[in-house]
**Q** 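Sharing a structure here in structure tokens format.
Numbers restart at 1 for each chain; the letters A, B, ... are given by sequence-line order, proteins then strands.
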Amino acid sequence: MRAIKNILVLLVVFTAYSGYGQKYTTKAYALYQEKNYTEAQIWADSAIVSNERFNSQLWQLRGLVYRKLEQTENKKEYRDIAIESFIQARTLDTDGKHKDKIDGYLKNTIIRYYNGAVTSLEEKDLEGAEASYNQYKEKQIKYVDSTADFKESDIQFYTALGSEYLKLVSTLQGEEKTKQTAKGVHFFQKVLELNSNLFGPNLNVGVMYYNNGADLLMNMDPLTPLEEIPIIEEKAQGYFKKALPFLLEAHRLDKARTDVIEALTGCYYGLQDDANYDKYQKILDEKNLPVLLEKHKADPKNIEVVSELVRIYSTTFEDDEKYKKYAEILNKLEE
Amino acid sequence: MSKKIFIALTVVLLTTWSMMDPEVTQMKDTRSPVKAMYLYNFATLIDWPSEYRKGNFVIGVYGNKEGVYDNLKSKFEGKDIGSQEIVVKNYTSASQISKAHILYVTPRSSAQVGSLNSQFKGKSTLIVSEKSGHLSKGAAINFVVKGTSQKFEINKGNAKKHKLVIADRLLKLASNVVE
């Protein structure tokens with residue numbers, strides 16, 4: 001009889017305790033299941049200042065509620081609250097019963113920074129993309145895997161980011177172009193620090209520097225005072241010199257790419273280095289001549305093609321007869 | 001979004017990025033804008049006799065149309081030298097030239113500098129060449145490359161023969177001045 005009495009007392013106490021202990025959590029969970037996340041948030045937040053705060057599942061639930069709210073209410077700050085909640089859930093999960101589940105929640109929440117970086121990149125918010133990617137890495141190391149290796153991910157992300165800067169600078173002029181070029185170069189160089197044998201970043205850094213130099217000369221103000229002409233020329237040549245090691249490396253990695261040869265030709269031309277200019281122009285012309293002749297056959301009125309043929313037959317492959325022939329065609333086309 | 005979809009999305013994005021092709025470039029004729037800019041400055045820093053200060057200011061390019069001609073045409077045609085408006089012309093034969101203030105002879109046509117000089121004897125045409133040694137063939141100014149820089153050299157005597165007065169500012173920047 002006494003034993004039964006004791007059991008009944010324990011049951012009453014447990015029921016009262018558990019009823020009290022899960023009141024907010026239970027309600028929050030029910031609302032979460034009903035997809036009423038705003039109300040669920042109120043109950044979950046109430047729970048964490050009650051005795052229920054020692055329950056790992058409450059914190060998991062709170063994390064899930066905030067994660068949903070981040071999407072439905074478009075509040076990015078809720079993502080951090082979700083992450084903090086999952087961390088607290090993991091801390092309270094002393095026997096590791098929910099470890100895999102919590103780790104999954106964390107990974108899937110943290111990867112949103114990565115996806116955010118991609119979205120920002122697509123929306124051309126380049127600074128936002130970088131910030132989001134850095135947050136992804138920082139939180140991944142802090143909360144998921146302190147030994148995480150981001151080498152491949154960094155290469156892909158910074159290549160993509162650098163490429164976006166490359167697109168951006170092609171639409172800019174002057175100081176802003178120089179400023180954004182420096183950023184693009186910075187990201188490609190980050191990639192090259194991780195793997196210097198990559199063709200794309202080498203070409204792109206080379207191209208960015210080359211374009212900067214070429215633009216200085218091509219867009220010179222017609223009223224530039226005489227004394228400033230050599231200064232601008234020197235500044236442009238500074239960019240060509242910077243471009244060369246990257247372009248030469250890109251050429252070493254892929255000798256067939258004509259765009260690299262073209263950029264190298266442009267650099268040496270701008271640097272008044274005729275020996276190297278002739279060398280690369282010859283390689284380029286050898287590749288391009290059959291294509292140009294075909295193009296001319298298909299479209300005899302294409303002035304650009306005829307101009308190129310005139311140049312080739314008057315310089316790289318000097319042929320007076322052919323030069324005269326195409327020069328005459330060019331003159332007629334220009335009349 | 002489920003974990004699986006997240007992973008799939010990430011893989012797709014990474015694949016897309018890794019397939020991104022580097023931006024291509026196109027070689028630009030970066031020497032011609034410098035030469036065109038100098039030619040314009042020659043126009044502003046040389047004095048022509050009074051009979052040449054009427055009508056249009058003609059800058060001619062002798063030889064095939066090329067970068068210098070294109071740059072002059074697009075950047076300087078229509079600008080004023082004093083009260084004269086710049087007109088840029090292209091000549092492929094000496095007979096086409098009636099009156100020019102400046103005649104830039106392209107490197108490929110540089111063999112013609114001597115005969116052009118004879119043709120313009122007594123006239124105030126500034127002959128600008130781009131070939132080593134051409135100051136001695138009658139050019140008043142010759143484009144040269146010194147180190148990696150585009151420079152020009154001046155023959156004051158040849159300029160004087162054409163009644164042209166070159167400003168000190170221009171003489172100071174020349175890499176070589178022949179009296």
**Q** Are there over 12 heavy-atom neighbours, none belonging to E234(A), within less than 6.0 Å of that residue's CD?
**A**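 Atom CD in E234(A) is not crowded, with 12 or fewer foreign heavy atoms closer than 6.0 Å.
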**Q** Mark yes or no for whether E233(A), through its side chain, and S149(B), through its backbone, hold a donor-acceptor pair below 3.5 Å.
**A**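 Flag not set: sc E233(A) to bb S149(B) has no pair under 3.5 Å.
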**Q** Taking all non-hydrogen atoms of both residues into account, name the closest pair between Q237(A) and T148(B) and its distance.
**A**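 Minimum heavy-atom contact is NE2-O, 2.5 Å.
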**Q** Is a salt bridge present between R31(B) and D274(A), judged by a nitrogen-to-oxygen distance below 4.0 Å?
**A**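 Between D274(A) and R31(B) there is a salt bridge, with a charged N closer than 4.0 Å to a carboxylate O.
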**Q** Select one option (side chain, backbone, both, neither) describing which atoms of L330(A) are under 4.5 Å from chain B's heavy atoms.
**A**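 The side chain, not the backbone.
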**Q** Roughly how far apart are K146(B) NZ and Q272(A) CD, rounded to 0.5 Å?
**A**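 Rounded to the nearest 0.5 Å, the NZ-CD separation comes to 12.5 Å.
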**Q** Considering only heavy atoms and a distance below 4.5 Å, find which of N71(B), D29(B), V34(B) pairs most often with chain A.
**A**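 Greatest number of close heavy-atom pairs with chain A: D29(B).
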**Q** Can you see which heavy atom on P222(A) is nearest to which on K79(B), and at what distance?
**A**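 Answer, listing the atom of P222(A) first, then K79(B): CB-CE, 3.6 Å.
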**Q** For the pair R169(B) and E227(A), find out whether any cationic side-chain nitrogen is under 4.0 Å from an anionic carboxylate oxygen.
**A**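 Salt bridge present between R169(B) and E227(A).
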**Q** So, taking the atom named CG in N331(A) and the one named CG in N90(B), what distance separates them when rounded to the nearest 0.5 Å?
**A**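 Here the rounded value is 7.5 Å.
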**Q** So how far is it from T30(B) OG1 to Y210(A) OH, rounded to the nearest 0.5 Å?
**A**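 Going from the OG1 atom of T30(B) to the OH atom of Y210(A) covers 5.0 Å.
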**Q** What residue, out of P33(B), G147(B), S32(B), has the most heavy-atom pairs lying under 4.5 Å from chain A?
**A**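 With the most close heavy-atom pairs to chain A, the winner is P33(B).
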**Q** Between N219(A), L264(A), L271(A), T315(A), who has the most heavy-atom pairs with chain B when the cutoff is under 4.5 Å?
**A**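 So the answer, after comparing N219(A), L264(A), L271(A), T315(A), is L271(A).
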**Q** State, to 0.1 Å, how close K75(B) and L217(A) come at their nearest heavy-atom pair, and which atoms those are.
**A**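 Heavy atoms of K75(B) and L217(A) come nearest at NZ-O, 4.0 Å.
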**Q** Grab the two heavy atoms, one from M37(B) and one from D221(A), that are nearest each other, plus how far apart they are.
**A**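 Residues M37(B) and D221(A), closest heavy atoms: CE-O, 3.2 Å.
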**Q** Measure distances from Y268(A) to the heavy atoms of chain B and classify the residue's part below 4.5 Å as side chain, backbone, both or neither.
**A**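 Contact with chain B: backbone only.
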**Q** Could you tell me whether K282(A) atom NZ has more than 12 heavy atoms of other residues or ligands within 6.0 Å of it?
**A**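 Not more than 12 within 6.0 Å, no.
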**Q** To the nearest 0.5 Å, what is the distance between CG (L226(A)) and CG (L173(B))?
**A**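 Rounded to the nearest 0.5 Å, the CG-CG separation comes out at 4.5 Å.
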**Q** Can you measure from OH (Y40(B)) to CD1 (I229(A)) and round to the nearest 0.5 angstrom?
**A**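 These two atoms lie 10.5 Å from each other.
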**Q** Quick check for you: to the nearest 0.5 Å, what is the distance between N41(B) atom CG and E228(A) atom CD?
**A**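 Output value for this atom pair is 10.5 Å.
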**Q** Taking NZ in K161(B) as the centre, count heavy atoms belonging to other residues, nucleotides or ligands within less than 6.0 Å. Is the count above 12?
**A**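 It does not: K161(B) NZ has 12 such atoms or fewer within range.
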**Q** Looking at K137(B), I'd like to know if its NZ atom is crowded, meaning that more than 12 non-hydrogen atoms belonging to other residues, nucleotides or ligands lie closer than 6.0 Å.
**A**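 No, not enclosed.
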**Q** Name the region of L170(B), side chain, backbone, both or neither, that has any atom closer than 4.5 Å to a heavy atom of chain A.
**A**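 L170(B) touches chain A through backbone and side-chain heavy atoms alike.
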**Q** Would the number of heavy atoms belonging to other residues, nucleotides or ligands and lying under 6.0 Å from NZ of K99(B) be above 12?
**A**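 Above 12, so yes.
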